[in-house]
Asks: 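Quick one: the structure is below, questions incoming.
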Amino acid sequence: MSTEVSSGWPARTGDVFDPNCPSRGVLEHVTSRWGVLVLAALGERELRFGELHRRIGGVSQKMLAQTLRALAADGFVERTVVPAAPPQVSYRLTDTGEQVAAHVAGLVGWIERQLPRILAAREAAL
């Protein structure tokens, strides 16, 4: 007997290879270009929206807001509003977010360390 979540999918585990499994949406949020960078940046420390926008070069405010909403909906990011004029909004990783960010940071670090080999392979492929 399996427990069901609100989507109707069994709550025990996911199957990312099943096209109907909600894990695919989570995978998309975590591994999208902006999702990876948001998780990596917030893995360093809590950031306000403007700080996060500056930290992640090239992301539009709209895409950053959409990415943060998706990651918050998945339970990876927590949004805190400090009443002020204007309101101050900061973002931090949840415990689950810290776990996934550790995996993302490992991938980011590996890519950065292997970049010379990757670029050489690209050059050779031309």
Side-chain angles (χ1 to χ4, degrees):
M1 179 174 162
S2 67
T3 305
E4 303 240 346
V5 292
S6 61
S7 67
W9 192 263
R12 289 187 181 167
T13 61
D15 179 1
V16 76
F17 295 103
D18 180 338
N20 299 311
C21 182
S23 63
R24 283 207 180 176
V26 176
L27 185 64
E28 171 60 29
H29 296 160
V30 169
T31 62
S32 71
R33 172 182 11 178
W34 306 124
V36 166
L37 294 174
V38 165
L39 290 167
L42 291 177
E44 296 169 353
R45 66 183 180 92
E46 182 174 323
L47 293 167
R48 290 180 45 196
F49 185 89
E51 293 173 314
L52 194 52
H53 185 251
R54 286 187 295 279
R55 179 76 175 106
I56 303 172
V59 66
S60 69
Q61 289 186 357
K62 178 181 176 182
M63 281 307 304
L64 179 57
Q66 287 177 355
T67 301
L68 286 165
R69 269 193 301 276
L71 293 172
D74 288 339
F76 299 132
V77 172
E78 182 179 288
R79 180 180 189 262
T80 304
V81 179
V82 177
Q88 297 177 0
V89 181
S90 63
Y91 298 88
R92 70 171 195 84
L93 295 176
T94 63
D95 290 340
T96 307
E98 288 179 12
Q99 291 176 34
V100 75
H103 292 285
V104 166
L107 177 61
V108 168
W110 182 88
I111 290 170
E112 289 175 337
R113 288 187 304 276
Q114 298 302 317
L115 193 56
R117 293 177 76 187
I118 295 166
L119 293 177
R122 281 187 183 176
E123 187 70 27
L126 297 178

Asks: Start with the C-alpha distance between Leu71 and Val38, add both sets of side-chain angles, then the distance that settles side-chain contact (heavy atoms from CB on, under 4.5 Å), and finish with yes or no.
Replies: CA-CA 9 Å; Leu71 293 172; Val38 165; 3.7 Å; yes

Asks: When you look at Val89 and Thr80, which way does the side-chain contact (heavy atoms from CB on, under 4.5 Å) test go after all the steps?
Replies: CA-CA 6 Å; Val89 181; Thr80 304; over 6 Å; no

Asks: Look up atom CG in Leu42 and atom CG in Leu68, then write down how far apart they are to the nearest 0.5 Å.
Replies: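 It is 7.0 Å, given to the nearest 0.5 Å.
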
Asks: Which residue pairs pass the side chain to side chain donor-acceptor pair (under 3.5 Å) test when at least one of the two sits in residues 22-46, sequence neighbours left out?
Replies: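 Non-adjacent pairs meeting side chain to side chain donor-acceptor pair (under 3.5 Å): His29-Asp74, Glu44-Arg55, Glu46-Ser90.
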
Asks: Once you round to the nearest 0.5 Å, how far does CG of Leu64 lie from CD1 of Ile56?
Replies: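 CD1 of Ile56 is found 5.5 Å from CG of Leu64.
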
Asks: Quick check for you: to the nearest 0.5 Å, what is the distance between Glu123 atom CD and Leu119 atom CG?
Replies: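 It is 9.0 Å, given to the nearest 0.5 Å.
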
Asks: Looking at Ala101 and Leu39, what are the two nearest heavy atoms and their distance?
Replies: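 Smallest heavy-atom distance, with atoms named: CB-O, 3.7 Å.
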
Asks: Got a second to check how far Phe49's CZ is from Gln88's CD, nearest 0.5 Å?
Replies: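 It is 14.5 Å, given to the nearest 0.5 Å.
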
Asks: Shortest non-hydrogen contact from Val81 to Pro83?
Replies: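 Here Val81 and Pro83 meet closest at O-CD, 3.6 Å.
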
Asks: Please round to the nearest 0.5 Å and tell me the distance separating atom CD of Gln61 and atom CG of Leu52.
Replies: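 The CG atom of Leu52 is 11.0 Å from CD of Gln61, to the nearest 0.5 Å.
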
Asks: Do the non-hydrogen side-chain atoms of Thr96 and Phe76 ever get within less than 4.5 Å of each other?
Replies: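 Thr96 vs Phe76: side chains touch.
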
Asks: If you take all heavy atoms of Cys21 and Gly14, which pair is closest and at what distance?
Replies: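 The pair with the smallest heavy-atom distance is SG-CA, 3.7 Å.
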
Asks: Find out if a path of hydrophobic residues (ILVMFWY) with successive side-chain heavy-atom gaps under 4.5 Å connects Val100 to Val16.
Replies: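 Per the 4.5 Å side-chain linkage, Val100 and Val16 are not co-clustered.
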
